[in-house]
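Chain A is the first sequence line, chain B the second, and so forth, proteins listed ahead of strands; every chain is numbered from 1.
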Amino acid sequence: QGVRSVCPSCGAPTLAPQAERALVLELAKQQILEGLRLTSRPRITNPPPQAALTRALRRLRQESVAPATGEEVISFATTTDSSTSTCSSTLTFHLSTLPSRHLYHARLWLHVLPALPGTLYLRIFRWSPRRRRRGSRTLLAEHQMTGPGWHALTLPSSGLRGEESRFLKLQLDCRRLEGNSTNAQQPQWLLDTVGDQRPFLELKIQPNEPGAGRAKRR
Amino acid sequence: TLTCEPETPLCCRRDHYVDFQELGWQDWILQPEGYQLNYCSGQCPPHLAGSPGIAASFHSAVFSLLKANNPWPLGTSCCVPTARRPLSLLYLDRNGNVVKTDVPDMVVEACGCS
């Protein structure tokens with residue numbers, strides 16, 4: 001406008017609309033990065049396939065009865081060294097910050113293909129490369145699975161904490177269940193590791209209460 | 001609360017909608033598509049001091065204090081947020097994990113005079 005209007009708060013000349021818009025966008029970037037406690041926007045090197053993402057989010061929306069407080073993380077298995085003839089696989093998850101002590105819910109989602117023979121008895125181990133002996137493993141959970149499709153396997157959140165490594169390795173070991181005994185011969189079991197139905201980990205983390213640590217120490 | 005119009009000199013809420021596409025951040029922020037970046041601006045003359053833009057009781061308490069002590073208070077009253085709400089974000093972190101988190105006090109809903 002002809003007459004330069006002034007800012008009603010501080011009396012300085014107001015900005016031209018474009019300049020104000022550019023300032024607002026910069027403010028928005030700062031505010032979001034601060035809110036997410038990031039120093040810069042993440043550079044996504046290997047985004048999950050859109051279909052896998054959509055499927056995982058749809059599953060979680062169906063599953064989550066009450067809105068979780070704090071943070072929820074979905075981490076897709078990036079590598080497995082599964083020999084497709086058996087179902088002993090190692091799933092690797094890249095977690096920016098391995099779940100802190102505030103982790104309170106963990107589930108491993110596996111998609112079992114229709115070729116599943118009868119009931120599967122599955123054991124899930126956490127593989128830790130940093131123990132005294134070369135790579136030792138800790139049993140996390142045992143599950144029985146009958147029928148193909150998605151299975152959400154609960155893991156003890158205490159078993160996933162600690163260690164500053166950014167990688168979490170889970171080893172799967174399964175047997176076919178016949179009567180009450182397990183058949184030593186490993187059944188044919190294919191895991192979809194690269195497609196839309198690759199395994200993923202679902203974690204829920206309590207918000208870091210400011211000063212909570214101090215209260216606990218006191 | 002008062003939403004700012006161009007000629008509003010008094011304390012009000014200035015609304016700006018920011019689309020993440022405009023920031024070039026739609027590749028890592030999955031949900032929502034944008035958010036309201038509002039801020040407070042405008043004057044707070046003495047008779048508005050303490051008017052939080054919503055309830056009057058606090059305003060009347062401050063007003064009577066002002067009258068009781070001195071007609072021309074030395075301090076100034078500022079136009080500040082009086083109500084804010086969190087923003088729920090779904091985004092990809094640097095390892096391609098999907099993170100859903102609630103950022104507290106992200107959206108200014110009401111402005112008032114301190």
Side-chain angles (χ1 to χ4, degrees), chain A residues 1 5-11 14 17 20-21 23-29 31-38 40-50 52-54 56-57 60 64 67-76 78 93-97 166-167 200-205 207, chain B residues 2 4-12 14-31 34-45 76 78-80 84 86-108 111 113:
Chain A
Q1 301 87 354
S5 57
V6 294
C7 164
S9 282
C10 61
T14 50
E20 182 182 13
R21 188 66 189 159
L23 183 65
V24 164
L25 295 182
E26 266 321 297
L27 274 175
K29 287 184 176 180
Q31 199 185 26
I32 289 166
L33 291 177
E34 250 169 56
L36 297 178
R37 296 188 298 275
L38 298 174
S40 62
R41 59 145 291 170
R43 294 288 159 208
I44 317 293
T45 48
N46 56 338
Q50 188 59 43
L53 196 52
T54 311
L57 293 176
L60 293 186
S64 66
T69 57
E71 209 162 75
E72 292 181 69
V73 178
I74 295 176
S75 183
F76 290 93
T78 46
F93 299 92
H94 294 237
L95 295 171
S96 304
T97 51
R166 277 182 36 199
F167 296 98
F200 64 90
L201 204 52
E202 172 205 352
L203 306 172
K204 291 183 181 174
I205 299 165
Chain B
L2 206 56
C4 295
E5 299 301 334
E7 63 286 343
T8 314
L10 294 182
C11 177
C12 57
R14 199 168 291 280
D15 291 356
H16 283 275
Y17 179 74
V18 174
D19 188 313
F20 294 132
Q21 190 116 19
E22 206 175 346
L23 298 181
W25 282 9
Q26 74 289 350
D27 62 321
W28 67 283
I29 298 184
L30 306 173
Q31 289 287 332
Y35 82 110
Q36 282 294 130
L37 188 154
N38 306 330
Y39 58 88
C40 303
S41 90
Q43 290 156 8
C44 282
T76 54
C78 305
C79 181
V80 293
R84 292 189 287 190
L87 175 69
S88 196
L89 283 175
L90 190 73
Y91 67 95
L92 288 177
D93 73 6
R94 65 172 184 264
N95 297 308
N97 299 320
V98 183
V99 183
K100 175 192 164 295
T101 190
D102 294 333
V103 185
D105 292 343
M106 192 74 168
V107 182
V108 172
C111 300
C113 292

Looking only at heavy atoms, which two atoms of Gly96(B) and Pro48(A) are closest? And how far apart? O-CD, 3.4 Å
Could you tell me which of Thr45(A), Leu53(A), Leu36(A), Asn46(A) has the largest number of non-hydrogen atom pairs under 4.5 Å with chain B?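 Winner by heavy-atom pair count: Leu36(A).
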Under 4.5 Å, counting heavy-atom pairs only, tell me which of Leu23(B), Leu30(B), Leu90(B) racks up the most with chain A. Leu23(B)
Quick one, [X] and [Y] - any side-chain contact, counting heavy atoms below 4.5 Å?
{"X": "Arg41(A)", "Y": "Asp27(B)", "value": "yes"}
{"X": "Phe76(A)", "Y": "Val98(B)", "value": "yes"}
{"X": "Ile32(A)", "Y": "Met106(B)", "value": "yes"}

What's the separation between atom [atom1] in [X] and atom [atom2] in [Y], rounded to the nearest 0.5 Å?
{"X": "Leu25(A)", "Y": "Asp19(B)", "atom1": "CG", "atom2": "CG", "value": "9.5 Å"}
{"X": "Asp93(B)", "Y": "Ile44(A)", "atom1": "CG", "atom2": "CD1", "value": "7.0 Å"}
{"X": "Leu92(B)", "Y": "Arg43(A)", "atom1": "CG", "atom2": "CZ", "value": "13.5 Å"}

Between Asn97(B) and His94(A), is there a donor-acceptor pair closer than 3.5 Å when you use the side chain of the first and the backbone of the second?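 Indeed, once roles are kept as given, a pair shorter than 3.5 Å links the two residues.
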Report the residues that fulfil ring-ring contact (aromatic ring centres under 6.0 Å, His included) with Trp25(B), sequence neighbours left out, ordered by chain and then residue number. Trp28(B)
Proximity breakdown for Glu20(A) and chain B, heavy-atom pairs closer than 4.5 Å: side chain
Does any donor atom in the side chain of Tyr35(B) or Gln31(A) lie under 3.5 Å from an acceptor atom in the other side chain?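 A donor-acceptor contact under 3.5 Å links the two side chains.
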